[in-house]
Amino acid sequence: MASIYDFTVKDGAGNDVSLSKFKGKVMLIVNTATGCGFTPQYKGLEELYEKYHDKGFELLDFPCNQFGNQAPGSNEEIHQFCTMKYKTQFPQMAKVNVNGNDAAPLYKFLREQKKGLIGSNIKWNFTKFLVAKDGTVLERFAPTVTPESLDSKISALL
């Protein structure tokens with residue numbers, strides 16, 4: 001069986017990022033969009049990142065345009081929007097698909113590890129996966145679950 005650390009993803013600049021570099025860290029993996037009703041969650045995500053990054057927390061942002069065409073920009077445009085409007089500092093990856101035949105392999109893995117209420121497909125933008133220090137995918141959270149509500153779960157894992 002694959003481990004989350006077996007995956008390599010692309011960052012916003014197109015560089016390979018091996019998830020093995022995050023071994024020993026708690027991770028929150030989120031598919032995002034810049035034009036979504038949940039977009040203000042970037043603020044809460046950044047607050048979690050600032051609060052816990054130095055304690056072994058990593059937040060990985062995967063922009064996705066599969067839901068209502070709500071992330072239509074280029075990787076650079078999305079990055080500029082997030083850093084200007086929400087002052088994000090967490091790693092932003094290249095835009096991916098999270099459902100379907102062309103879904104990113106990481107997202108196929110995450111969906112199989114933790115299915116949602118309506119099966120394995122991602123329902124919408126800002127679905128969140130919490131990963132333990134050992135790489136175990138612990139929980140999947142619906143888009144309506146705010147970053148702030150995950151604070152105590154992240155804190156407990158650190």
Side-chain angles (χ1 to χ4, degrees), residues 2-34 36 38-67 70-71 73-83 85-99 103-114 116 120 122-143 145-151 153-155 157-158:
S3 157
I4 197 158
Y5 301 126
D6 295 333
F7 293 92
T8 297
V9 297
K10 297 277 187 197
D11 68 14
N15 302 308
D16 285 343
V17 177
S18 171
L19 295 189
S20 66
K21 81 181 247 181
F22 302 116
K23 275 186 181 174
K25 295 187 179 223
V26 172
M27 290 186 281
L28 188 66
I29 300 173
V30 187
N31 64 297
T32 62
T34 52
C36 175
F38 296 116
T39 299
Q41 286 190 19
Y42 273 118
K43 180 180 185 292
L45 293 171
E46 178 58 26
E47 288 169 358
L48 287 174
Y49 184 76
E50 288 178 21
K51 185 173 183 179
Y52 294 118
H53 182 251
D54 290 343
K55 297 175 180 161
F57 174 67
E58 210 47 76
L59 195 149
L60 303 180
D61 171 10
F62 287 87
C64 177
N65 197 38
Q66 278 191 296
F67 306 103
Q70 294 181 340
S74 68
N75 289 328
E76 180 58 31
E77 289 167 336
I78 291 168
H79 180 73
Q80 285 179 357
F81 171 85
C82 293
T83 55
K85 185 161 177 78
Y86 295 102
K87 308 208 179 337
T88 57
Q89 301 172 65
F90 48 79
Q92 193 167 61
M93 303 301 151
K95 196 181 333 184
V96 297
N97 283 336
V98 298
N99 291 329
L106 171 63
Y107 267 88
K108 289 179 182 178
F109 174 78
L110 290 170
R111 289 185 352 234
E112 285 306 309
Q113 295 298 303
K114 292 294 171 190
S120 68
I122 303 293
K123 184 175 169 185
W124 201 255
N125 303 309
F126 290 88
T127 296
K128 302 156 195 76
F129 290 89
L130 185 61
V131 180
K133 289 180 182 181
D134 67 358
T136 304
V137 182
L138 295 174
E139 290 188 72
R140 173 178 175 160
F141 301 97
V145 174
T146 64
E148 296 81 359
S149 70
L150 301 178
D151 188 294
K153 290 181 181 288
I154 293 167
S155 176
L157 291 169
L158 293 170

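Atoms considered below: every heavy atom in the structure, side chains included; atoms not considered: hydrogens, waters and symmetry mates.
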Answer yes or no: is there a side-chain heavy-atom contact under 4.5 Å between Ile4 and Ile29?
yes
Listed by chain and number, what are the side chain to side chain contact (heavy atoms under 4.5 Å, CB included) partners of Asp134, not counting sequence neighbours?
Ala132, Thr136
If you round to the nearest 0.5 Å, how far is CZ of Phe141 from CZ of Phe126?
16.0 Å
Applying side chain to side chain contact (heavy atoms under 4.5 Å, CB included), run through Leu157 and Leu130 and close with a yes or a no.
CA-CA 10 Å; Leu157 291 169; Leu130 185 61; 3.6 Å; yes
Using the side chain to side chain contact (heavy atoms under 4.5 Å, CB included) rule, take Gln41 and Lys128 through it: C-alpha gap first, then chi angles, then the decisive distance, then the call.
CA-CA 11 Å; Gln41 286 190 19; Lys128 302 156 195 76; 2.8 Å; yes
Please name the pair of heavy atoms, one in Met93 and one in Pro91, separated by the smallest distance, quoted to 0.1 Å.
CE-CB, 3.6 Å
Should Arg140 and Ile122 be marked as a side chain to side chain contact (heavy atoms under 4.5 Å, CB included) after you check the CA-CA gap, both sets of side-chain angles, and the distance that decides it?
CA-CA 10 Å; Arg140 173 178 175 160; Ile122 303 293; 3.7 Å; yes
About how many Å separate CG of Asp61 and NZ of Lys95, when rounded to the nearest 0.5 Å?
12.0 Å
Is there side-chain contact between Val26 and Glu58, with at least one heavy-atom pair below 4.5 Å?
no
Can you find a side-chain donor-acceptor pair between Gln70 and Asn125 that sits under 3.5 Å?
yes
Which heavy atom of Gln89 sits nearest a heavy atom of Glu46, and at what distance?
N-OE1, 2.8 Å
Spacing of Phe129 atom CZ and Asn31 atom CG [to the nearest 0.5 Å]:
7.5 Å
Whether Glu112 and Lys108 form a salt bridge (side-chain N of Lys/Arg under 4.0 Å from carboxylate O of Asp/Glu) is what I want to check.
no
Provide the closest heavy-atom pair for Trp124 versus Thr127 in the form atom of the first, atom of the second, distance.
O-OG1, 3.0 Å
Taking the side chain as everything from C-beta on, heavy atoms only, tell me whether Leu150 gets closer than 4.5 Å to Pro147.
no
Spacing of OH belonging to Tyr49 relative to CD1 belonging to Ile154, to within rounding of 0.5 Å
13.0 Å
For the pair Asp151 (side chain) and Glu148 (backbone), establish whether a donor and an acceptor sit closer than 3.5 Å, ignoring hydrogens and angles.
no
Does any part of the side chain of Phe90, heavy atoms only, come nearer than 4.5 Å to the side chain of Leu28, both counted from C-beta?
no
Nearest-0.5 Å distance, CG of residue Leu45 to NZ of residue Lys43
11.0 Å
Is it true that the side chains of Tyr107 and Asn97 contain a donor and an acceptor less than 3.5 Å apart?
no
With a 4.5 Å limit on heavy-atom distance, are the side chains of Thr39 and Tyr86 in contact?
yes
Would you list the pairs meeting side-chain hydrogen bond (donor to acceptor under 3.5 Å, both in side chains) in which at least one residue belongs to residues 17-30, sequence neighbours left out?
Ser18-Ser20
Rounded to the nearest 0.5 angstrom, the NE2-CG distance for His79 and Asp11 is 10.0 Å
Sorted by chain and number, sequence neighbours left out, side chain to side chain donor-acceptor pair (under 3.5 Å) with Tyr42 holds for Thr32
Which atom pair, heavy atoms only, marks the closest approach of Phe67 to Cys64?
CE1-SG, 4.0 Å
Min side-chain heavy-atom separation Leu60-Leu19 under 4.5 Å
yes
Non-hydrogen side-chain atoms of Val131 and Phe22 separated by less than 4.5 Å:
no
Kindly give the heavy-atom pair with the smallest separation between Asn75 and Gly12, and that separation in Å.
CB-O, 3.4 Å
Nearest non-hydrogen partners of Leu158 and Lys133, listed with the distance:
O-NZ, 3.2 Å
Is a side-chain donor or acceptor of Gln92 paired with a backbone partner of Pro63 at a separation under 3.5 angstrom?
no
